[in-house]
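Right, one structure below, let's go through it.
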Amino acid sequence: MSDAHIKYTADGGAHIKYMTDGGAIINLTIDGKAIQAHAGQTILEAARANGIAIPTLCYHPRLLPIGSCRLCVVEIEGAERPMTACTTPAQEGIVVRTQTERLNNMRRAALQLILTYHPLDCPQCDAGGACELQDLVVAFGIDAQPYHAVKKSQGQREFATPLIRQWPDRCVMCLRCIRADHEIVRTHAIDLIGTGIETEVGITDRDACISCGECLQVCPVGALTEHVSRVKARPWQSQQVTTTCFYCSLGCQMELTCFENTIVRVQAPAHSGANQGSLCRRGIFGYDFIHHPHRVTAPMIKGAGSWKRVPWSEALAHVAAMINKVILESGPDAIGGLISPRSTNEEVFLFQRFMREVVGTHSIDSTGRLCLDPYRQALRAVVGRDYLPPTLDALVQSDCIVVAGGDLDANNNIIAANRVREALWRTGARLIVLHPWRGRLAKEADCWFPLLPGDEPRWALGMIHLLLEHHHEALAAAQKIKGFPELKETTREFTLERTAKEIGCAPDLLTEAAKLLAQAKRPAFVCSPPLGQVHAGVDQITALANLALLCGALTGSGSGGFHWVGPQSNMVGTIEMGASPLVLPGYQPADTKGLSVVEMMQAAATGRLKALFIVGEDPLITLPRRLVEKGLASLELLVLQDMFLSETAERAHVFLPSLSFAESDGTFTNCEGRVQRLRRALQPPADLRWSGEVWADIASFMDKEFPLTSPAAVFAEITQHNPLYTGMSFEPTTPQWRGDGREVPLDKAAFTAFSAGRGEHDKEYPFALSLEGIFENHLIGSAQQQRAKGLAHCSQSYLAINAEEAQTIGLVANGRARLITPWGETVALIKTSPEIRRDALIYVLSFYDTAASQLLGPEFNPQTMDPAYAGIPARVEKV
Amino acid sequence: MRVMTGMWSFIKGIGMVIARAYALAKGLRLTLATFFTRPVTIRYPEHKREVAPRWRGVHYFDCNEKGDTRCVACGLCVAVCPSQCIRLVAVELENGERYPETYEINSVRCIYCGLCAEACPVDAIKLGRGYEFVAHRRQDLVLDKERLLANRPGGAP
């Protein structure tokens with residue numbers, strides 16, 4: 001975002017438009033040094049790029065400059081008065097001076113004016129020692145000031161979110177927080193309030209705030225402070241460790257501030273990772289569970305209904321003996337393994353080795369596969385090989401973005417805000433959103449299609465029909481692709497009228513969307529669950545992939561790509577490391593097929609599976625509850641490795657404590673294929689051990705060979721055995737990506753047939769229910785989330801329903817209603833909106849909703865063995 | 001001649017005695033002079049010596065009107081301490097103020113330079129005049145918040 005191009009308009013306002021490429025090279029002189037800059041760069045950017053320091057306070061590299069603090073004033077030869085370097089574009093041949101007596105006096109005066117109202121409570125202030133104002137005051141040697149005013153003392157108050165507090169007295173009116181809110185996240189939750197001397201930063205729309213902490217991160221002083229950690233440490237008391245966030249598959253880079261083995265703050269390093277300095281509420285505030293007193297720190301064995309703490313050797317010997325017993329009695333195939341997609345690559349690799357080599361079973365799975373497999377299978381068929389999308393940076397360059405699946409803002413505000421919105425804003429990209437609820441992103445879209453889950457194939461067919469009919473010439477390249485005639489034939493009958501009628505949209509909207517897609521040079525698709533999690537999940541994604549292939553989003557260099565935003569940090573890595581019943585590490589085919597997680601539960605219920613080793617998963621919460629309950633109850637041995645006693649732990653026989661992400665070392669592979677380091681920031685409590693050691697010990701108790709190694713050594717092993725990871729480094733100096741080139745050759749791609757059928761509506765269950773956030777918010781692989789105080793305010797699930805429908809049923813907003821599916825029911829908080837499709841229900845899950853899994857049906861997608869999380873028939877009743 | 005010799009040795013003897021007596025008196029002069037003055041030594045520990053006005057002894061916490069430490073846990077003493085003997089865990093109270101949950105000075109490691117007192121923006125930590133603190137174990141010489149408050153010249157608040 002560094003190259004800004006500023007245009008002054010007739011009304012005197014400065015409008016800054018980002019340039020997509022660096023401008024022409026221009027020459028200028030700053031402080032007697034001849035330097036080069038790009039046209040469109042400001043003087044400040046040109047100076048900083050050449051190592052010339054100019055003091056600033058209101059300037060932030062990620063925000064548009066406003067020139068309000070007047071600290072960056074510079075003298076330009078020929079200009080009458082000093083100009084602010086942050087807003088003045090560099091021009092050919094100008095001579096700039098940044099350090100003169102006059103400028104120094106101006107800067108001192110500006111600082112002294114700022115200090116007039118600043119409370120100078122530095123010892124008490126949370127930002128003390130890391131305050132930009134403090135640094136400037138010290139640098140300018142200001143020890144007294146001539147201006148006096150009655151200082152207000154308003155103390156602190158809650159900001160737009162309870163996770164951030166505001167100290168209005170300390171505010172220096174740099175407006176960085178407001179600009180971050182308006183320019184990066186675009187929620188418009190905060191703004192300037194009042195006039196004249198009463199002006200202050202205030203909350204304009206509390207409901208719009210998504211607690212992303214962007215304002216907190218850019219505040220140069222202590223006017224906004226974090227409200228999660230009670231312990232506060234100064235920079236000289238604490239250490240900073242850069243690691244990878246463990247929540248979603250974006251894998252944000254973040255800096256943990258650790259003090260006396262406690263995390264006290266999380267920040268994002270600027271210009272690093274996929275997040276580029278942003279974090280979401282989970283990443284920035286969801287860390288305190290690590291230090292929760294309920295965390296289990298010793299192995300436990302269940303005896304007579306209660307847990308008994310035992311030494312490691314006893315617990316592991318017990319596990320080994322029990323596994324040996326099951327192998328002896330029923331064979332190794334009676335044992336299954338389930339590993340969380342929030343485990344590191346090293347852990348997953350070791351675990352699948354443990355299950356395959358030591359135990360001798362291929363029944364190993366992960367819930368990460370449930371989300372990723374429909375996408376992987378569909379794209380594999382269309383592209384002709386394993387598809388690796390371009391990096392998310394391609395989204396910013398794209399000129400038309402189709403967002404399908406869940407509510408992107410709720411699931412991943414970093415991608416929604418920093419990538420999609422950046423594209424809307426930077427290149428004027430057009431946006432098409434497919435979601436039954438007109439959320440924030442849909443409101444900004446050019447076309448919003450309120451599709452029911454499962455209607456995407458028909459929408460895609462209708463779009464393809466329209467594109468072929470009206471925009472034939474724009475799609476010349478795609479007509480040479482295999483399967484084109486068949487596709488044309490299939491879509492022939494999906495006329496505009498028919499499609500519009502079947503999916504319940506206005507025909508004009510479809511025509512408009514087809515036009516946008518046809519005109520786009522670099523269209524891109526962004527998908528997220530619950531897309532692909534209906535019964536015909538693979539068809540759903542195949543349909544969109546066909547459309548993407550037709551518009552050129554999949555093939556060719558610089559294509560926008562077909563992105564998949566997953567809910568769990570190492571979802572991609574987990575499957576690539578072989579936590580799948582079907583494939584070995586690196587998608588190498590296995591000779592024998594094991595059981596998938598759903599099949600394991602079915603097998604357990606019928607007594608074919610006797611033992612289950614679960615690492616960090618909580619299947620009772622994510623999979624159809626009745627099935628899992630039945631399955632877990634019939635097991636002879638259930639070993640659970642987790643941080644907290646989850647719901648599943650109640651059914652476990654042995655509990656082994658595990659490390660948190662801040663105590664682990666290893667790598668995660670994010671949704672772009674970026675392999676990133678997880679670094680140990682804290683020493684684990686007492687005698688907690690790395691999973692690799694635990695499995696090695698179990699193996700030795702079973703008298704089997706299993707190497708005891710470190711994460712670094714395991715990674716070295718991965719680079720040898722997994723062809724996708726060949727030649728990678730555990731300590732890379734630059735970002736590294738797994739896999740080969742991202743170019744998709746046209747001759748391999750093919751339009752793939754898919755079914756556009758949808759089950760008929762049951763009169764008894766008139767609504768189609770989608771569970772959103774089942775993997776995102778809902779469950780962090782274990783019960784961890786419930787323990788994070790920082791996220792407590794997001795702790796209630798709610799059911800979103802059309803306002804009129806709610807009225808018909810007799811429901812009141814913020815009241816309660818009974819949500820019933822053919823398989824179960826729950827009582828939910830109701831939120832109404834006029835902008836939800838009338839026959840759609842969206843159940844947005846909180847961090848630990850144990851009841852939602854009751855709503856899931858026992859039928860599975862035969863291709864992926866995935867339960868349906870969307871398109872569930874449902875009805876709502878008054879309580 | 002013999003008489004002469006005897007006289008001479010007698011006189012010589014007397015002279016010697018006088019010379020020795022003089023030397024003795026000279027030697028005893030300081031003793032005798034001091035003998036009749038007040039002693040410079042004191043009967044420690046019954047009697048204590050007054051220390052110099054700029055003496056930097058064991059640390060103490062000044063207290064506020066509530067009787068608690070005035071420390072606001074800003075951490076400047078930790079930053080300035082050359083021997084890094086201060087451990088501070090700051091927490092935030094309900095009213096948003098910083099407060100030292102743990103404040104420890106390792107008085108064995110301390111070099112009594114007084115920079116902590118100089119850095120303190122609220123004059124909470126001070127170096128007192130006390131110098132008598134001995135213990136059998138090193139950890140007993142780590143002064144915590146309560147001991148620092150008790151070290152005040154007036155005793156614990």
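Predicted, not measured: the structure shown is a model, and the values here were computed from it. The sequence lines fix the lettering, A, B, ..., with proteins before strands; numbering per chain opens at 1.
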Heavy atoms from other residues, nucleotides or ligands near [atom1] of [X] exceed 12 (cutoff 6.0 Å):
X: B/Tyr44; atom1: OH; value: yes
X: A/Glu198; atom1: CD; value: no
X: B/Glu46; atom1: CD; value: yes
X: A/Arg157; atom1: CZ; value: yes
X: B/Leu32; atom1: CG; value: yes
X: A/Gln154; atom1: CD; value: yes

Sub-3.5 Å donor-acceptor pair from the side chain of A/Arg234 to the main-chain atoms of B/Cys74, do we have one? yes
Exercise for the section: Look at the side chain of A/Trp236 and the backbone N and O of B/Gly75, then say whether any donor-acceptor pair between them is shorter than 3.5 Å. Expected result: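 Such a contact is found between A/Trp236 side chain and B/Gly75 backbone.
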Given heavy-atom pairs under 4.5 angstrom as the criterion, report whether the side chain, backbone, both or neither of A/Gln124 touches chain B.
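Interface part for A/Gln124: both.
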Whatever's closer than 4.5 Å to a heavy atom in chain B on A/Cys125 counts as backbone
Any idea which heavy atoms bring B/Leu88 and A/Phe259 closest together, and the distance?
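Looking at all heavy atoms of both residues, the shortest contact is O-CZ, 3.1 Å.
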Closest heavy-atom pair, B/Val89 versus A/Glu260, reported as atoms and distance to 0.1 Å, is CG2-OE1, 3.4 Å
Quiz item: Should the pair A/Lys232-B/Glu101 be classified as a salt bridge under the 4.0 Å nitrogen-to-oxygen rule?
Solution: no
(Q) Side chains of B/Arg87 and A/Gln237, heavy atoms from C-beta outward: is any pair under 4.5 Å? (A) no
Are the side chains of B/Arg98 and A/Asp126 in touch, meaning some heavy atoms are under 4.5 Å apart? yes
Okay, B/Gln84 and chain A: the region with an atom under 4.5 Å from a heavy atom over there is neither
